[in-house]
Amino acid sequence: MAEHLTAKILKEHLLSGRLEPGEEIAIRIDQTLTQDATGTLAYLQFERLGVERVRTELSVSYVDHNTLQGSFENADDHRYLQSIAARFGIYFSRPGNGICHQVHLERFGIPGKTLLGSDSHTPTGGGLGMLAIGAGGLDVAVAMAGGPFYLNAPAVLRVNLVGELPSWVGAKDIILELLRRLTVKGGVGRIIEYGGPGVAQLTVPQRATIANMGAELGATASIFPSDEETRRFLTAQGRGESWRPLQADPGAVYDEEITLDLGQLEPLAACPHSPDAVKPIREIGPLLVDQVAIGSCTNSSYQDLLLATKILEGQTVHPRVSLVISPGSRQVLLMLARSGNLEKLIATGARILEPACGPCIGMGQAPPSGSLSIRTFNRNFRGRCGTADASVYLTGPAAAAVSALNGRITDPREWGDFPTLPGTPPVIINDRMIITPPEEGGDVEIIRGPNIRPLPLNSPPPDELPMKVLLKAGDHITTDQIMPAGAKILPLRSNIPAISEFVFAPLDENFARRAREASGGLIAGGENYGQGSSREHAALAPMYLGVKAVLAKSFARIHHTNLVNFGIIPLLFESPADYEKLQQDDLLVIEKLREQLDQGSVSITNRTQGYRFTATHQLTLRQLRIIKAGGLLNLARIEG
Ligand code: MIC
Ligand code: SF4
C-alpha cells in the first residue's frame, strides 16, 4: 500500500500500538537533545533512572537559553550539565555554540531518524526529514535510558505546496499563512507532512523555519521529504554519508490535505499577542517601531542573516530603533565574519549578540515600556519579551530589516527590487565547542552547585480528593503564563522551591501564596490549556504548590503529558457551561477517585455552590497507572 513519509518512519520505529489516529503508540528514539533550561531537570530525573550510560544512538546536551549568567546560578547549571554529559556519554554543546535546533540541524540531524528533545521547537529537525518531537524532560530522560516514547498516533495532514514564492516572500510567510488558516490549535493531534512541487525550491534552513513553527500550530511534528536539496545541505556540512532519500509514495492517502499556492502569498506578520493573529503587513498600517530583533531558532540561518545584511548594508539603523541580531550558531557567526557581512552589520548600528536564544526567551533586550518590537521569532505571547505592555510582531527577516531602517512596520516590498544575493560560501565546520564524551564516564564527578536542588516528588492521590479552585485561567493559557521565564526567573530552573514562587505571576501575583494556603488546589482552564513550551516546570512547580488537578476544555499535547508525568490529573469539562459556573475559591470534591477515573468520567461535587457536574479525561491505561502512583518517577520505582 502507498505510504506517506510519516507512516514509513513511524513503522520503522514502532514498538507497540496501532497506527490509528488517537491510539497510544510507543516508538523507539534514535537521538535526543536537551537544552539547559529544561536539561537540568531532565538530567536530575535521568540520574534517578539508575542507568550507567545513555542508550540512544546519539544524545546532545546544549547550553543556549541561560547564557546571561547574571549570577552564579546559570554558570553552575552549565557546569552540572557538562559533568553529566561526560559521565553518561552525551555530546556537550558549550554555551555560545548556538541554539540547539540550529546546531542540531547543522551537525547532527539525520533524515529518517527519530529525535526527541526537551524543547517544543525540536520539530525544527523535520526540515531535514527527521521525525523530531518536543517533549517534557522526563520523557527525554526515559528515552535516553533506552525506554520508549509514548504518544497518541497522530492524524497526518498533508500540506501540498504548489506555485512559486514571489520575491520578498519567504519561509516565514508560508508558516504564518498556515497559522492564519489553522490557528494555534489547528495542528493538535497531527503531524504535518509537506509535499508537492513547491518543496524543491525551499532550502533546508527554509524548511526548518516552517517545521519550527509547526510547534505554534500545536502539531506533534512537521516533516519534509529528504531530497537532493537535503543531500546538498548535508554534503556542505561534511555529512553527506548521513543522507538517505525519503519521500511519500505516490498515491499515499492522508487524513487531511490542504494546498497552499505559494504564488499567492505576500509578506505577513503575526500581531500581538498570538502567533496566529496574522495579517498582511501592508494592512497593519505605519506603526512606529522601537526594537527589531533578528534571530531565534526560527530565522537565524546564514541565508536569513545574509538577506538582512543586503537590506541594511551601507545604511544606518533608524534612530528610534534598537536592532539586535543573534546568529543561530557559531557556524553562522563564523560565516558572517569570513564573508565580511558581520562587518557590514556592525557598521549599520546593529547590536550583535552571541549565538543563543537571548531575547526570544526574555534573557535580555526587553524593549521599552509600551513599545513595539518586531521579531523574527516564533512566539509573541504577552510579556514573554520581558516587558508586560510591549507589543511584539513576528515577521520574516526581510520585513524586520526594512522596518529597522524605516522606524515603522514596513512591507519589505517598499525597499525596492529584491537584492541579488551571492551564493552561500563554503560552510565553516568547526566543532571545537562540541565536547565528545569520553569512552568511559564511570569516574567522572558530577558537579552540583547550591542552586541545584533535589527534585520534589508527588505522592499518590487520596481516594477522596478535596480541591479549591485556585484560578479560572481562560482560553489558550501559555506555559509562559503558568511558569514565566525571563532574566529574573529562568536562572531558578533547577530550584523548584524558588521558582514556584512565580507560578501564574503574570495573571495573579498572589497565586503561589494562595495555592500554599489552600493545601490542595485545582486550576480551571479553557481551550488549549498549556500551549507553547515543553517546560516541565509548568507542571512541577504547581505540583510543588499543591495543585492536584487541572480542569480544562482542552489541552496542548506536551503540557498534558507533563501534567500526567508529575501526577497532576488533567480533566476535561464535559460541558463548557460548567466552566462558566465555577467560581474561584469554590471547594470541589471528587469521591472514589480511582474507580471514577477507571470509568472514564468523574463526578465532581461543588460543595461551595452545592451542585454536581461531570468531567471526563483522555488518559490511557498507562497514564492512569502513572496518575495513581503520583507520577512517572514513582511508578518507575513501584514497577521497578
Ligand atoms: C521556549 O521557546 O518557550 C523555550 C524556552 O525554548 C521552551 C523551553 C523552556 O521553557 O525551557 C520550549 O519551547 O519548550
Ligand atoms: Fe530558544 Fe526561542 Fe527557540 Fe525557544 S523558541 S528554543 S527560546 S530561540
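Each ligand, and each atom within it, is numbered from 1 in the order the structure gives. Quick caveat, the model's predicted, so the values are computed rather than measured.
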Report task. Hey, can you tell me if His104 and Tyr62 have their rings parallel, tilted or perpendicular (30° and 60° cut-offs)? Result -> perpendicular

Query raised in the report: Is there side-chain contact between Asn74 and Pro491, with heavy atoms separated by less than 4.5 Å?
Result: yes

Query raised in the report: Does a donor on one side chain and an acceptor on the other come within less than 3.5 Å for Asn565 and Asp139?
Result: yes

**Report entry** Beyond-backbone contact of Val60 with Thr32, side-chain heavy atoms, under 4.5 angstrom
**Finding:** no

Requested in this report: Verify the ring-centre separation between Tyr91 and Phe108: is it less than 6.0 angstrom?
Outcome: yes

**Report entry** 4.5 Å side-chain heavy-atom contact, Ile90 and Phe92
**Finding:** no

Query raised in the report: Any side-chain donor paired with an acceptor under 3.5 Å for Asp304 and Asn299?
Result: yes

Query - Which of the ligand 2 atoms, numbered from 1, are nearer than 4.0 Å to a heavy atom of Asp119 - result: 6 (S)

Query - Evaluation steps, side-chain contact (heavy atoms from CB on, under 4.5 Å), between Thr122 and Leu116 - result: CA-CA 7 Å; Thr122 304; Leu116 193 71; over 6 Å; no

Report summary line: For His101, the atoms of ligand 2 under 4.0 Å from one of its heavy atoms are 6 (S)

Report summary line: Nearer than 2.8 Å to atom 2 (Fe) of ligand 2, the protein contributes N, O or S atoms numbering 1

Query raised in the report: So do Asn378 and Cys297 actually touch side chain to side chain, heavy atoms under 4.5 Å?
Result: yes

Query raised in the report: Are any side-chain N or O atoms of Asn495 and backbone N or O atoms of Ile452, one a donor and one an acceptor, separated by less than 3.5 Å?
Result: no

Query raised in the report: At a 4.0 angstrom heavy-atom cut-off, what protein residues surround ligand 1?
Result: Gln35, Ala37, Thr38, His65, Asp119, Ser120, His121, Ile361, Arg379, Arg384, Arg493, Ser533, Ser534, Arg535

